[in-house]
Structures are given as structure tokens and as C-alpha cells.
Peer 1: 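I am attaching a structure below and will ask some questions about it afterwards.
Below, each value reflects all heavy atoms present in this structure, side chains not excepted, and no hydrogens, waters or symmetry copies.
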Amino acid sequence: MALLVFLVIFVAAATYNLGYMSVQWDEMPHLYGGLLLNRGQIWDYMTTYGYYPPVFDLVTTGAFSVLGVNEISGRLVAVVFSVLAVWVLFEFTKRVYGAKTAFIASVLLGTMPGFFWLSRVAMIETMLVFFFTLTMFAFYTWLFKSDSRRALVFAGLALGVGILAKYQIVVAALAMLLSILFLTRKRLKNNLAKFLLIGVIAVLVVAPWLLAIYNYNGMTKFETLQYVMSEGGQDRPAYSNRFQPFPVFYLVEMTWPFNDIAVHPIVLPIFILGLCGLGLFAYRRSKQDVFFLTWFLVVYVFFTLVPNRQWRYVTPLFPILAIAAACFILFLYNKLQMWKPTHTEDQGVKLKKIAAAVFIALIIATVAYSGYNAYEMTERDQIHIPVKEATAYMAGNMTQNQSAVLVCSFNLLNQDMFRFYLPANMSSEQIWQYPALAVDAFTPNFDITEFMDLCVERNVKYIILYDFGVRTQFFNTTLDYTQVRQMLYETGRFDDPSERPFWGEYHGWYGYRIFLIPF
């Protein structure tokens, strides 16, 4: 009942004003991909986004069919799987450590700022947490109940579907294999033989998707698939290589990923409690403790070895840290209960009650701080860029042979965001961007001569400009939006005094406005 109350509060918070936040770049493969599937444009989907795992897109397509095509429908998929992830964590932890530990772990996971933020965006991480936890839950059930063939088969199915939700979930297979080696040495040969069934089932689930990729794209998309499975290439932002060669990147990244932005996927007090809980697991070394410790170490080491790093990649560690923190909290509380002060009996009882009350208050304050930090992390991105309004205007004022070009795309504005709002009778090719890559993540090469030639070649009617920031420099360069606008102005080819539409508001040094400039 307490879990149900918490989940109701969680859902209310996660869905509040869900459609206001501007779409993130990483949401578009799933929102626009779901739109293509919803329209039956299978070829366009496979040749555009066929290298991404398909499960989130398929579920998003279903949400679009039921709730309509909009960003809220896509984000509700993330909300649903975040709730399922919390629920599975509760059931798993209850089976292993009891209901009290399970409830505390569920609350800790649900209030982690990074997890809560991800529950409000159309990204696959909440689905990753759900399927990873579900796979390990089913495997754990089989491992400690070796006659449970149903759990064995279910682990294989969960792993296969999980891989189709996020390719990197394949690391769960390594965690499972090491758990067998560490925990079942007496029946090692028998369990390894049965473990192969999990792999066979997972391969059978994944194989049709790989065949579909080959059917639509041949071998070309498999190179892109490899790129995605390695979390991108070496052209990712430079912060991936911080702290090298020391393997401590994620010890910082999970709680403080940016030096200049107050974003904490896991607040420091809970992160410390989680690490202390892992230390407790290492000290006690019960079978259950070793299982969860193995899970943590395998995921941590695997993603540390992957060249490109970001806190969202290690979200499978969030449930482990929540469980470990909950175990350590109850461990301390039990120690406090067994404490015998050297006072009279009445004074000792009173002192223990005071100490217990203070301890509980500190834990509640820590959870409240985490919840408030989740609010701060979400509020930071609660800005609205009027992409839909600008797209509607262009759709009403462009012919089929005209196009519009977005100048200098970045995380909150790219060509697919405009394509998402285009009516079905307009081609996605009528919206494009220059330069091709995001200027806040890749070094841009803005060649005004090339840009002009492309505008003529593609019969551009509008260029799309945005208040990126007066002097905000692009990634790894001194170029900024002001210089780009000056280059455009000096050509004398842009602007029409009779048509200067714009949408949005201006706040301080940054604006959330879109301008359409005729060519």
C-alpha cells in the first residue's frame, strides 16, 4: 500500500506539465521514428532509424495510435516504464531482503534526479532499467531455485527483448555468467549448460530484427549499429575522457557530470550510502550480497571500458545503488536498535528513542533533498521553444518544391523536430539543417559560400534562426551565432521587411525565439 501511494505521487509529478519542455535531440529518433511507423512508412523508418533498437519506437507507435501523435504520448511511454522499473525493483528486493528494504529502495530510486528526469523524456533509459532489472530478477529466481525452468526461459525472453530496447543490455549476460561462477561452483557444469538456454532464447528473439536490418539496408547499417552499440564514436564530446587513465569516471559522473551545471543524477548523500552499502555487501559476502555486488562491478567496468561515457549509459547501476543504500540504512538502524547506552534504564530508553528519531529525520531529509534536486534538474530544462508554431507557419506558406533550412542545430533544435510537426502531405526533405551536425557537440564548419549554393540548389524559402545566445561559442571553436548572423546579413540575400515572423519569448541573455528569414 505504501508503494502504491508513492507511485501515485511519482506519476503525478512525472506527468505534470509533461508537454511543455522542448524536445531533446535524443528524443527525436523515437518520436519521429514512431511517427513514421504510425504512418506505415516502414522503408523510411528502417533506412533512417533502423540502427536503433526498435522496442521503444514500437511502443511509442502504439501510444500514438491510442493517444494521438504528440510529444506527450511519447513521453508517457517513459513514465510507464519508470513505474514498472520501480515496481520490479520492489518485488525483486522484497524477495531478497524483505519488504522494508524493498520500499526504501523503491523510494530512493524514484527520487533519484537522473531517474526522475529520464521518466519525463522519450528516451530509452527507463526501459533499459526495467528490462535489466527484470532480467536479473528472473535469473536470480532461477539461480536460487534451480528447478524453476519457467524463470530460466523468462530470463532469456527478458534479455532478448531487453537487447531490442537497448543493445548494451547484453552486458547482463556477463553479469549472469559471473554470478554462476561465483555462487554455484558445486553444480557449475549443470548450470552453465542451462545458462546456454538463456543465450539461445535471447538470440532467437533478436535475430529477426537483425535480419530486417540486413533486408532493408544490407551491410551498410551494421556499421552504424556498431557505432550505436559502442555509445557513439570518438567524435563524442571531450568530457568522456576525463580522469583518464584512472577508472573513476562514473564515480564522479553519476553524481556530478558537469563542472559548470548543477546537475546531480544521484545526490551525493544517497550515492555515499549506496557505496557504503556495496562495502557492506563485500563485508558480509552472503550469496545475495555477492550477486548484487557482481551486478554492480560488471556494469561499472564494462561501461568504463567503453570509450564514450555519459551518466545515462550506467542507469542499470541506479537500482543497485538504491538497494545497497536501503540495506545500509537498515543496517545502521538495526545497530542503533541494539545499542545499549551506559545510563540508567529510563535514560537509556529515552536516549535510544531520540537517536532513532534523529536518524529517521536525517534519512527523510536526505530523500527530500534528492526529491528537491530532481525538481531542480527537471525545472532547468522546462523551457519551451515554439517549433510547432513555426512549422505550422512554414507548412502553410511553402509549396511542395520549396524547402526551409535550420541554421546551426543544437540539442534543443534539429531538423527532425520540425519534420515531426510537418503534415503528412509534405516531404521530410523540405526541412534540412546546416551544418549537418550539432554545433554544441561537434566542431562546425560554416562555409557561407557553400551554404548559399545549397539554398539555391534546394530552393530555400526560409532560413530558420534561433536565439542561441549572443556570444555563446559553438563546440571547440570561437565561432558563435552572432558571427553567423553577420555572415548571412552581409550576403544581402536574406530578409523581407514585409515578412518577418517569429515566435517565443526572451529572458535575460538567452531567448527561446524562432525567426523565419525569407531567402
Side-chain angles (χ1 to χ4, degrees), residues 53-56 58-59 77-78 80-97 102 105-106 109 115 118 124-146 148-184 191-192 194-209 229 287-288 290-303 312-324:
V55 171
F56 195 99
L58 291 171
V59 179
V77 175
V80 169
F81 277 93
S82 64
V83 171
L84 290 175
V86 173
W87 173 68
V88 168
L89 176 70
F90 176 83
E91 294 295 337
F92 193 179
T93 312
K94 186 176 72 171
R95 175 77 62 89
V96 181
Y97 293 115
S106 300
L109 177 64
F115 182 81
L118 287 168
I124 56 183
E125 275 71 25
T126 56
M127 189 175 279
L128 165 65
V129 173
F130 168 71
F131 278 110
F132 204 110
T133 309
L134 183 65
T135 300
M136 298 303 286
F137 185 15
F139 173 76
Y140 177 91
T141 302
W142 168 74
L143 189 65
F144 291 96
K145 291 185 177 181
S146 56
S148 180
R149 296 181 180 178
R150 183 181 301 176
L152 183 69
V153 172
F154 191 79
L157 292 173
L159 178 63
V161 177
I163 292 172
L164 295 180
K166 178 81 170 178
Y167 296 131
Q168 290 78 9
I169 202 176
V170 71
V171 71
L174 179 58
M176 289 187 283
L177 177 61
L178 290 178
S179 295
I180 291 175
L181 296 176
F182 294 154
L183 299 173
T184 61
N191 280 345
L192 286 176
K194 292 181 178 179
F195 175 71
L196 289 176
L197 180 62
I198 294 178
V200 170
I201 294 172
V203 169
L204 291 176
V205 172
V206 175
W209 172 243
M229 291 184 71
K287 287 188 175 182
Q288 297 87 341
V290 171
F291 178 84
F292 287 111
L293 194 59
T294 302
W295 176 349
F296 180 89
L297 291 175
V298 168
V299 175
Y300 183 91
V301 172
F302 177 85
F303 285 102
R312 289 193 286 118
Y313 303 161
V314 292
T315 47
L317 295 183
F318 286 27
I320 293 297
L321 287 168
I323 294 171

Peer 1: Looking at CG of L159 and CD1 of I169, how far apart are the two atoms once the value is rounded to the nearest 0.5 Å?
Peer 2: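 Spacing of CG (L159) from CD1 (I169) equals 6.5 Å.
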Peer 1: Would you please indicate if the ring centroids of F292 and F296 are separated by under 6.0 Å?
Peer 2: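 Not under 6.0 Å, so no.
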Peer 1: Determine, stepwise, if the pair I163 / W209 fulfils side chain to side chain contact (heavy atoms under 4.5 Å, CB included).
Peer 2: CA-CA 11 Å; I163 292 172; W209 172 243; over 6 Å; no
Peer 1: Quick one: closest heavy-atom pair of A322 and L89, and the distance?
Peer 2: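 Residues A322 and L89, closest heavy atoms: CB-CD2, 4.4 Å.
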Peer 1: Looking only at non-hydrogen atoms, find the nearest pair between A151 and A138 and report the distance.
Peer 2: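 Between these two residues, the closest heavy atoms are CB-O, 3.6 Å.
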Peer 1: What's the separation between atom OG1 in T93 and atom CD in Q288, rounded to the nearest 0.5 Å?
Peer 2: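 So the OG1 of T93 and the CD of Q288 are separated by 12.0 Å.
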Peer 1: Do F139 and W142 have ring centroids that are under 6.0 Å from one another?
Peer 2: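 Yes, ring centres under 6.0 Å apart.
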Peer 1: Listed by chain and number, what are the side chain to side chain contact (heavy atoms under 4.5 Å, CB included) partners of L297, not counting sequence neighbours?
Peer 2: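 L293.
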Peer 1: Please assess T135 against M176 for the test side chain to side chain contact (heavy atoms under 4.5 Å, CB included), listing each intermediate value before the final yes or no.
Peer 2: CA-CA 9 Å; T135 300; M176 289 187 283; 4.0 Å; yes
Peer 1: Quick one: pull up OG1 in T141 and CZ in F92 and give me the separation to the nearest 0.5 Å.
Peer 2: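 Reported value, rounded in 0.5 Å steps: 7.0 Å.
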Peer 1: For a quick test of reading the model, state the closest non-hydrogen atom pair linking A155 to I198 and the distance between them.
Peer 2: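 The answer is CB-CD1, 4.1 Å.
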Peer 1: Determine whether F318 and L109 satisfy the following criterion, side chain to side chain contact (heavy atoms under 4.5 Å, CB included), listing intermediate values before the conclusion.
Peer 2: CA-CA 7 Å; F318 286 27; L109 177 64; 3.8 Å; yes
Peer 1: Can you tell me how far the CG atom of N191 sits from the CG atom of L152, to the nearest 0.5 Å?
Peer 2: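 These two atoms lie 9.0 Å from each other.
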Peer 1: Please report the interatomic distance CZ(F56) to NZ(K166), rounded to the nearest 0.5 Å.
Peer 2: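 Separation between the atoms: 11.5 Å.
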Peer 1: What heavy-atom pair brings F115 and A85 nearest, and what distance separates the two atoms?
Peer 2: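 Smallest heavy-atom distance, with atoms named: CZ-CB, 4.1 Å.
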Peer 1: Hey, can you pull the donor-acceptor pairs under 3.5 Å for the side chains in residues 125-134, sequence neighbours left out?
Peer 2:
unit_1 : atom_1 : unit_2 : atom_2 : d
E125   : OE1    : R312   : NH1    : 3.4
E125   : OE2    : R312   : NH1    : 3.2
T126   : OG1    : A78    : O      : 3.3
T133   : OG1    : V129   : O      : 2.7

Peer 1: What distance do T315 atom OG1 and L321 atom CG have between them, rounded to the nearest 0.5 Å?
Peer 2: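 Atom-to-atom, T315:OG1 and L321:CG are 11.5 Å apart.
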Peer 1: Determine the minimum heavy-atom distance between P316 and W295, stating which atoms define it.
Peer 2: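 Heavy atoms only, the tightest pair is O-NE1, 3.5 Å.
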Peer 1: Mind listing the closest non-hydrogen atom pair of A102 and K94 along with its distance?
Peer 2: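 Closest pair (atom of A102, atom of K94, distance): CB-N, 3.4 Å.
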Peer 1: Around atom CZ of F195, are there more than 12 heavy atoms of other residues, nucleotides or ligands at under 6.0 Å?
Peer 2: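 Counting neighbours around CZ of F195, more than 12 heavy atoms of other residues, nucleotides or ligands fall under 6.0 Å, so yes.
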